[in-house]
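Step one of this worksheet: look at the structure below.
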Amino acid sequence: MSRTRSAQPDPRATLRGGLPDRYLTPDDIADLFGVPLETVYAWRKKRTGPPGFRVGKHLRYDPAEVRAYVTRLKDVDRAAA
């Protein structure tokens, strides 16, 4: 009997359970925030989203910096309320 396994875990579940052991891709960021991939690239171009970095031609995101970005957004939102 074989088990069906997902190719990749849900990045949201990984972040909730602790920091993942890998850097996140733009697809992970889009899934995490529930936005189109094009939005992630627009954030990068405008420097308004979570900070990313390049490894060669590949864009990656440090999960700790993504978490800090979300925390900053929450703090700003709470201060405005």
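For Arg47, the CZ atom sits in a loose shell: 12 or fewer heavy atoms of surrounding residues, nucleotides or ligands are nearer than 6.0 Å.
Using a 4.5 Å cut-off on side-chain heavy atoms (C-beta onward), Val35 and Trp43 make contact.
In this structure, the side chain of Tyr69 engages the main chain of Thr48 through a donor-acceptor pair within 3.5 Å. The backbone N or O of Thr25 sits less than 3.5 Å from a side-chain atom of Asp28, completing a donor-acceptor pair. One N or O on the side chain of Arg44 and one on the backbone of Gly52 form a donor-acceptor pair closer than 3.5 Å.
Residues Pro50 and Val66 approach most closely at CB-CG2, 4.1 Å, considering heavy atoms. For the pair Asp62 and Tyr23, the tightest heavy-atom approach, listed with the atom from each and the gap, is CA-CD2, 3.6 Å. The minimum heavy-atom distance between Pro26 and Leu59, with the atom names listed, is CD-O, 3.3 Å.
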Between Val40 and Phe33, does a side chain to side chain contact (heavy atoms under 4.5 Å, CB included) hold up when you go through it step by step? CA-CA 9 Å; Val40 175; Phe33 289 104; over 6 Å; no

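With respect to Asp75 and Arg72, no salt bridge is recorded, no charged nitrogen being found less than 4.0 Å from a carboxylate O.
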